[in-house]
Amino acid sequence: MSADYEHELFNELAAFLKSRRNEAHRFFHHLLDQERHFLLRSELIDALQQVCDPDARDPLCDSPLAAVIDLAQESALDHAWITFALRIRVARWCYLRIHLETMDLERIPVSEFLRFKERLASGTPADDWALEVDLEPFSREFYKLHEADSIGRGVEFLNRRLSSRLFEELGKAERHLLAFLRVHQYRGQQLMLNDAINDVQELRNALRRAERFLRDRSDDEPWSELSQTLRQFGFEPGWGNTVKRTRNTMRLLLDILEAPSPHNLEAFLGRVPMIFALAIITPHGYFGQANVLGRPDTGGQVVYILDQVRAMEKEMHHRLKEQGLDIEPQIVILTRLIPEAEGCTCNEHIEHVAGTRHARILRVPFHSSEGEVMPEWISRFEIWPYLERFSLDAERELLAELGGRPDLIIGNYSDGNLVASLLSQRLGVTQCNIAHALEKTKYLYSDLYWQDNEEQYHFSCQFTADLIAMNTADFIITSTYQEIAGTDDSLGQYESYMSFTMPGLFRVVHGTDVYDPKFNIVSPGADPDVYFPYTSSERRMAHLNEAIQELVYGETGPTARGQLAAHDKPLLFTMARMDHIKNITGLVSWYADTPELREAVNLLVVAGHVDPARSDDAEERAQIEYMHELMSRHGLDGQVRWLGMHLEKDLAGELYRFVADSRGAFVQPALFEAFGLTVIESMSSGLPTFATCFGGPMEIIKDGISGFHIDPNHGDQAALKMAEFFQQCAAAPDHWDSVSRGGLKRVEARYTWKRYAERIMTLSRIYGFWKYVSNLERAETRRYLEMLYSLQYRPLAQAMEQHPAP
Ligand code: UDP
Ligand code: LCN
């Protein structure tokens, strides 16, 4: 929407409020009758529908007020004022206030809107001296994207900018490039250029000389045969393993010096040997390779990182080899050591990552402020007091393990990203963040009413940590677009950090900018060795059949409740951690209440534990107890099979295919799912998939083609949608096949680890180069964020340790 339209709408609304006072009043009165200070988009739309009478040609239906409601994300009101936060387009907001008596309309700044919310939430005047966090002034000078469609493609934008800047500033920028090519070293060995080349003209001459020298040599002659001569010209290893590759790399550089293009720049930088050692930070949960999935706080992030590491090590190795370097890439996953970790390896200091050459997990314990090692698992919501000390201990161990600094630090989730910030700042290393799931949008009003949930969730620490980490990161990887910038009518997870208030803590008027080119969408995949189509009979693990039959149709026991009476029905399968947000109990109650679905399928649930005593997590225990209640209340034991156990990957992979054999489906009913690895796993198995419309699955699945969306807030409709699918499949079996094929096609095209690894390796080089040539220390931002860390985060985290959770 253009600024003109916005202006016009404002004027039309102002005129409407005066000329159609009665209509406007009717609507506002209806809102006031609800006796609520805050209304969300869907509630505003419902309210408008309730007062509008379309048959009577109600002028409200088609009014500028209705147009404004359509743009509103939320409204705050009392008897004197109503305010609206309008999302004009992705991450472009404007705030309006209407006086309910005079119907005067005005625009207000975001801080005013937030102050109004604070006053309504607390019932006392907003604090004039509340800490206002505003990062905008620091980033005014930097390049920004303009189009919502470009969001998440930061590296492409940066490439274009960089190449045109190199082009415009030939001379100065070339010197940066030259200096950049001379900094590369590996353990004291000089790479790329030596000091025989001292300026750009000398570089050009040397490249031409080398081209002549290489012209008549055979393509596959190895670097070792060329190195002596090329060294005299000024070239060190890193240009290629053969004549052909060396020639190509040199040609790319000559072309860049002649007239830089984004394509050549990306191709050239992709070849520069910059990344030899990686540190991947993931402190919370149980990080292990076996018997951990499904434990509290232990799910997709672990799967993601292990698959990511395997794919990246391969890619690093491949690139180094192609550049003629006999260097073993090093990857260390840094996590927490949990001394009391029964049944898994999380109490081991170091562990090799299976399926890799050298990658390893390095575990460092948490210490209390008294210096004692913390023995047991600690919820991800409770770990804040331990992270600073963890980062210091981890730094020492990491440096020893890698024999030096890593070349890139990748943080994961709020805690890992904060530790990545601390480490990257201290070591001066490029920082990449991966959020996996930002908690802020998962819980309604988690910011405004943070104090109500503080004891359980400690969002004061988490959101402060998020703000710090997303602003220190050099680049950010997300799995979907909506994670950054939402959809046309819902805001993105990162976008939600743009402005928000946590009364009594701080008021964020500009916390992040999703138009910053640091954001890149690089989606993960599903391990192709484990999650492959049910039709690939020769790869199927027949030896697991018996175990699976027993799991699905066996008797009840300590890890299984419910015994399926009918063995000929398709299975509706779900598998997730037993968090409230995963909504497994929601699914069970929809199933219970929908005779059509109960008639069509059996429900198979893999989640949590059947025995609540086996869970350390209060939220999980509550869900387990509710699950038992539902099964008993609705008499579900003959139709629902509930397995309370962690399935190892191979078994899980075969189980998806077993469900596909039954012409069943997978369902992911979460209230919100940041991405949803189970969704792509089931699609990769050829299993038709129903998944929540809130979060990543909205983007992964094209409704009706590669699977289906369901709305967890309307469980009755979701259940009917699933029942209809099975009825349709019974009538026309082709329907099942076509959805199965649609899902397979979609994941093959978009969600693969190979593509992921290639992208990350290219991105890290381009952001590294960008940081170098633009001298992008962002010292002011850094100092501001350090203040936020020491004045805000530290006291909050320290206070938590003095009052540990019950
Ligand atoms: N998973 C598993 N066995 C279990 C429970 C979960 O293998 O018993 C795996 C599942 O296959 C998926 C991951 O754990 O790879 C869950 O990731 P997802 O992104 O769906 O959710 P998260 O738990 O990260 O929120
Ligand atoms: C965390 C989540 O909640 C999931 O939605 C993601 O798939 C997982 O991390 C991996 O990124």
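We count ligands from 1, going down the list as the structure has it; atoms in each ligand are counted the same way.
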Find all atoms of ligand 1 within a distance of less than 4.0 Å from any non-hydrogen atom belonging to M645, and give their numbers and elements.
8 (O)
For ligand 1, does M575 get within less than 4.0 Å through its side chain, its backbone, both, or neither, judged by non-hydrogen atoms?
side chain
Under a 4.0 Å heavy-atom limit, does T678 contact ligand 1 with its side chain, its backbone, both, or neither?
both
Which residue pairs pass the salt bridge (Lys or Arg N to Asp or Glu O under 4.0 Å) test when at least one of the two sits in residues 544-561, sequence neighbours left out?
R561-D637
For F459 together with F463, are the ring centres under 6.0 Å from each other?
yes
Centroid-centroid distance, Y304 to Y413, less than 6.0 Å
no
Would you please name every residue forming a ring pair (Phe, Tyr, Trp, His ring centres under 6.0 Å) with Y531, sequence neighbours left out?
Y656
Contact residues of ligand 2, where a non-hydrogen atom lies under 4.0 Å away
G300, Q301, Y304, H436, A437, E673, A674, F675, G676, L677
Think R153 forms a cation-pi with Y481, using NZ or CZ under 6.0 Å from the six-ring centre and within 45 degrees of its axis?
no
Take every heavy atom of [X], measure it against each atom of ligand 1, and state whether any distance is under 4.0 Å.
X: K649; answer: no
X: Y531; answer: yes
X: E648; answer: no
X: K582; answer: yes

Note the single closest protein heavy atom to [atom], along with its residue, its atom name and the distance in Å.
atom: atom 23 (O) of ligand 1; answer: R577 NE, 2.8 Å
atom: atom 3 (N) of ligand 1; answer: L647 O, 3.1 Å
atom: atom 19 (O) of ligand 1; answer: L677 N, 2.8 Å

Show me, pair by pair, the donor-acceptor contacts under 3.5 angstrom made by side chains of residues 671-679, not counting sequence neighbours?
residue : atom : partner : partner atom : Å
E673    : OE1  : K582    : NZ           : 2.7
E673    : OE1  : Q668    : NE2          : 2.5
E673    : OE2  : K582    : NZ           : 3.1

If you measure only the distance, is there a donor-acceptor pair under 3.5 Å linking the side chains of Q431 and Y767?
no
